[in-house]
Amino acid sequence: MKIILGRYMDGGAWPDAVTHFGGGLAAVDGVKVCGPMGFLSLLQEKLGLPNNIAHGSKRIAVWEGLLKQRVPEKAQEHEPFYAASFRADSWNTAKRLLQMRDELKEAGALEDAGSKADRILKLEQSAEGCQHQLPRLAEMFRLEAEHLRGESVPGPADQMRAIRDELTFQGIDSPLSGLLRVELATPLNHWQAAWHGLFDLLSSCGVAVTEHPSSTVFGDNTLKANALAESRVFTKGEHIGLEAANLPEAAEAIAAVLRSRLNDKSSEKVILLRAENSTELDGALSRYGLPSSECRNRSTARPFVQILPLYLRLQLLPFDPETLRQFLLLPVCPVEPTLRRKLLSALKYEEFAPYGEDIKTWPSSWKKAFCDEKGTPVPALQKHIDWICPKDRIKIENDNTGISPTLITSLAQKLGEWAQKTAQPPLPKTAELCQRLSEASSSISENLSPLAFEKLLDSVLGDGENNTEKRRAVPWKLISSPGQIWTELDEEDTVIWWDFTDNGQALRDSITWSNEERTWLNENGHPLFDIDKERCAQSHAMTAPFHFVRRVVTVTPRVHGSEESLPHQLHAFLPKEKTVSLEAGKVLSGEAKHEFFRIDDRVPLMPAPAPTQWKVEKGRALALPEKISPSVLESTLACPAAWYFKNMLCLDSERDRLSGDPITCGNLAHEVMEQLLKEQRDTPVERTKEELLEHISSLLDRLAQNKAARLALPEYKVQRKNMAARLTASFLEFCKRMKKEGLVFLDSEQTYKGTLGGTECTGRYDLMLGRPGDDKPAVVADMKWSRRKVYKAQAKEGNAVQLAAYHFLLEKGRKVIGWQDKQPILAPHDPVHLENAWFFLLPEARIHASEVPLDGQWKKIENGWFALCNDLSAGRLPLAEEEKGDSATSKKTENESPCLWCAYKRLCGRMQNAMDTDEESLEEQ
């Protein structure tokens, strides 16, 4: 058997054994092309060694327990060098020490053949030998001795050392008779010292280890421009530099070219060299009906990986509505699809923190999700409750009890069992991740803090999952590293090097070991990882396509996102006079004059025709709103186009998201203010300002779980405190104003229905105030969790649409007194003529009363509504007029931005102030 071994050929190489040795027609027996990890696995199999490598998270958990035994709880004069770091961050300290241990293991410093007792004894002797001069190194020897005494968790470095020990022990009698030759596609001087030792052992066992002839093209260790200029591309072939404005434009050009060449049934082989996060290329290939390049983002961004952390956070951490929303939106979510839609709807309008299995105490919108049309609970739906909430509500504040590793293990096993049984192809990978988490958490003896729990999850997910499924057949070869090309390709082959820019992932010198420690290790025959040799190997691997291929196409975007791209490291070494430069835009338009970039079905673009004059009479009738409310009426009259885009054309990208923090704060503030006023009306209690503040704080903490669950999270504690202070001032100011005006609180949150020109109008006012002894309202107060100046201007200038609409509904509409079969029960018409209406701005403790009679305001609003209905019926969609003048709302400042919908369509020049909207955050105020 012969092995072709290359430094960067794990995960694939080109040409493969079938193509190079079998002419691409038949399987090849006795030849294997592989990288370092594949080669070690092959040796491990031939030597009969077990594959007992533990996952990274399992190893860190074991080492964390090991270090706890060596680190005192309180600082001492003589303690390990890592003690202070371990007390501050035990998990990451264990992770870093494990990396240091693996570096020593790979260098052979921790390696001694023999029994476990002999190895422990020699490690302790090594520790004593360097204790005084190199205490850190001595501590690492002691840690390894303790590791051998306890639960051993070998890693990749242990795999090579085990193979070397076995070859040393068996010598010429090693069972490697079938392995005759190893040819190095990467020059021998580009391998680390540990590999040199392995190659020497293989040679002593009768295996010929030689350099493959193709490795000689790399020359010495210095990368030179003149050497690259003499490569195959620049002497016998060609280099094409394809430039584009950005990655999407480049992807469209490459996909169009590949589609055209596929239609031509060209015999030329194309090799796509791309990174694993090049999703723009995959998107373009899909649009042209071509197979994807199997690029993928970070594993944590995929649904079958996301489901594990989302499920565990729902079960183990304080309830976060955004976590539940993301969990329900996963395509692999275990919750029944119809139930998911209902829960998403309930969550958007009522942020309740679900818990337990008894839904009787849940809000009505949440209970309905688990019931049929008659309101009867459906057992099949109730079985899904366990997926979205724990049986016991998680406390808001940390109680220092931590998260039980046993509970983590049981939850991971439950999800893993479900994933294993489910037929969806990606879910077995979820089961694999669950198994890793179970193994890691079973090695932890103490409860975890939420932060430690997140670190454990990151370690489990950080290494991704084993990608064992077979790749689909594609009409081109896919590689992810230039070092995967190891010998000369056919004359007609072309390599497309996607995103030929500097990704910023340069190798950096390690500062872990001091010069004294390195010197001691070198003198004892244990040289550490050589960073200079690694840089040299990587640099030369980058040149492989230019040495072995006839044509190389480098794709270079000028911009990545919003930043200018940096040139690739090889850019300075490529001879510009031998490079053909093309623009992606010209390739797409059919103007590129090159055989490879010929797109037969493209014709040069014609100049754009002159715009025609818009003719309003061509419009068709546009839909009118079926139902309106005071707030909808205000937004519709403010800009009919924005309302139409959002509600009729459904262009709102925020529809599936939760309400913003200010809206959630407003809902909670409304609830608190109503309770305070009802308490004062029904059971008045005299409280000092400090007592009132404490009472409001307790109300906020209690109501947040059912009305604004996100605000119950520990990170919102400061914001709840600020809200309590603001609501205290607002309540005192409101009571003072009522006393001054001779008003009393009557009721809150009552609904009235009326008809406006044939359109149903429904309004729900916040607070109703009246005269003592009279149950009819005199003033309606509309509470706002906002500091917008526009409310003051509306009350002063007579443009308060919502206040005037409340006046209309109370005078012309009828009160809703109940519901039957989802239809409102209306009280007899009892007209109420309001004396006034107020805007009550809760964050500012300020009241703005209307200064213009409500009758006059409503007449103007009514005329505007009828005019809008006429425009829509005639097919006209009015825009908000651009504001002019020197008013506060028309001055452009650095905080202004185009209106959301005008930014989408560029229809008018109206601006909105980014700091003067309903979604303004008051957290920092």
Side-chain angles (χ1 to χ4, degrees), residues 1-22 27-47 49 51 53 106 108 156-168 174-219 221 271 273 477 479-489 529-530 533-545 547-549:
M1 182 178 187
K2 181 171 74 171
I3 302 293
I4 307 294
L5 177 62
R7 281 288 309 273
Y8 306 99
M9 287 156 57
D10 278 318
W14 189 256
D16 55 23
V18 173
T19 303
H20 189 67
F21 298 100
V28 177
D29 186 24
V31 179
K32 184 176 179 63
V33 181
C34 63
M37 297 306 296
F39 182 59
L40 291 178
S41 297
L42 177 67
L43 292 179
Q44 193 175 42
E45 179 182 347
K46 284 188 170 292
L47 292 171
L49 298 175
N51 185 13
I53 296 178
E106 187 173 353
D158 298 81
Q159 183 184 25
M160 173 179 280
R161 302 310 305 185
I163 292 172
R164 291 186 59 174
D165 286 347
E166 190 68 18
L167 291 174
T168 302
S174 299
L176 295 174
S177 57
L179 181 59
L180 301 178
R181 189 177 189 85
V182 176
E183 293 187 359
L184 303 179
T186 305
L188 183 60
N189 60 348
H190 291 172
W191 293 85
Q192 294 290 333
W195 283 91
H196 281 252
L198 179 60
F199 295 150
D200 291 341
L201 285 171
L202 288 173
S203 298
S204 66
C205 294
V207 179
V209 180
T210 61
E211 290 188 351
H212 190 273
S214 64
S215 65
T216 58
V217 301
F218 296 111
N221 287 337
I271 300 96
L273 168 56
K477 178 62 182 176
I479 59 175
S480 56
S481 169
Q484 290 178 279
I485 301 176
W486 60 277
T487 191
E488 286 195 4
L489 306 186
F529 186 84
D530 189 341
K533 183 172 291 188
E534 189 69 15
R535 286 198 185 100
C536 182
Q538 283 197 5
S539 298
H540 283 79
M542 291 178 186
T543 66
H547 285 293
F548 299 133
V549 187

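The structure displayed is predicted, hence computed values, not measured ones.
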Discussion item. Please check this pair: side chain of Tyr8 against backbone of Met542, looking for a donor-acceptor N/O pair closer than 3.5 Å.
Written reply: no

Discussion item. Let me confirm one number: the OG1-CD1 distance from Thr168 to Ile163, rounded to the nearest 0.5 Å.
Written reply: 11.5 Å

Worksheet item: Could you give the distance from CD (Glu211) to NE2 (His190), rounded to the nearest 0.5 Å?
Response: 9.0 Å

Discussion item. Can you give me the closest heavy-atom contact between Cys205 and Leu167, atom names plus distance?
Written reply: SG-CD2, 4.1 Å

Discussion item. Could you measure the distance from the CG atom of Asp165 to the CG atom of Leu47? Nearest 0.5 Å is fine.
Written reply: 11.0 Å

Worksheet item: Listed by chain and number, what are the side-chain hydrogen bond (donor to acceptor under 3.5 Å, both in side chains) partners of Glu183, not counting sequence neighbours?
Response: Arg181

Fill in: Minimum-distance pair of heavy atoms, taken over all atoms of Leu273 and Pro545
CD2-CG, 4.5 Å

Worksheet item: Does the pair Glu488 and Ser214 meet the rule for a side chain to side chain contact (heavy atoms under 4.5 Å, CB included), with working shown?
Response: CA-CA 8 Å; Glu488 286 195 4; Ser214 64; over 6 Å; no

Item to complete: For Arg164, enumerate each residue passing the side chain to side chain contact (heavy atoms under 4.5 Å, CB included) test, keeping only those at least two apart in sequence or located in another chain.
Response: Met160, Arg161, Ala194, Leu198, Leu201

Discussion item. Angle between ring planes, Phe199 versus Trp191, binned at 30° and 60°: parallel, tilted or perpendicular?
Written reply: perpendicular

Worksheet item: Going from NZ on Lys32 to CG on Leu5, what distance comes out if it is rounded to the nearest 0.5 angstrom?
Response: 11.0 Å

Worksheet item: Looking only at heavy atoms, what is the nearest atom pair of Trp486 and Ala185, with distance?
Response: CB-CB, 3.8 Å

Worksheet item: How long is the span from the CH2 atom in Trp14 to the CD1 atom in Ile271, to the nearest 0.5 Å?
Response: 6.5 Å

Worksheet item: Shortest non-hydrogen contact from Met1 to Leu179?
Response: O-CD1, 3.7 Å

Worksheet, complete the sentence: Between Val33 and Ala13 the two heavy atoms that sit nearest each other are CG1-CB, 3.7 Å

Fill in: Residues which pass side chain to side chain contact (heavy atoms under 4.5 Å, CB included) with Pro213, listed by chain and number, not counting sequence neighbours
none

Worksheet item: Hey, mind stepping through Val209 and Leu188 against side chain to side chain contact (heavy atoms under 4.5 Å, CB included) and telling me if it holds?
Response: CA-CA 10 Å; Val209 180; Leu188 183 60; 5.7 Å; no

Item to complete: Write out all pairs satisfying salt bridge (Lys or Arg N to Asp or Glu O under 4.0 Å) with one or both partners inside residues 3-12, taking only residues at least two apart or from two chains.
Response: Arg7-Glu534

Indicate every side-chain donor-acceptor pair of residues 34-45 with a distance under 3.5 Å to a residue at least two apart or in another chain.
{"from": "Ser41", "atom 1": "OG", "to": "Met37", "atom 2": "O", "distance (Å)": "3.1"}
{"from": "Gln44", "atom 1": "OE1", "to": "Gln159", "atom 2": "NE2", "distance (Å)": "3.2"}
{"from": "Gln44", "atom 1": "NE2", "to": "Pro50", "atom 2": "O", "distance (Å)": "3.2"}

Item to complete: Provide the closest heavy-atom pair for Met9 versus Gly6 in the form atom of the first, atom of the second, distance.
Response: SD-CA, 3.3 Å

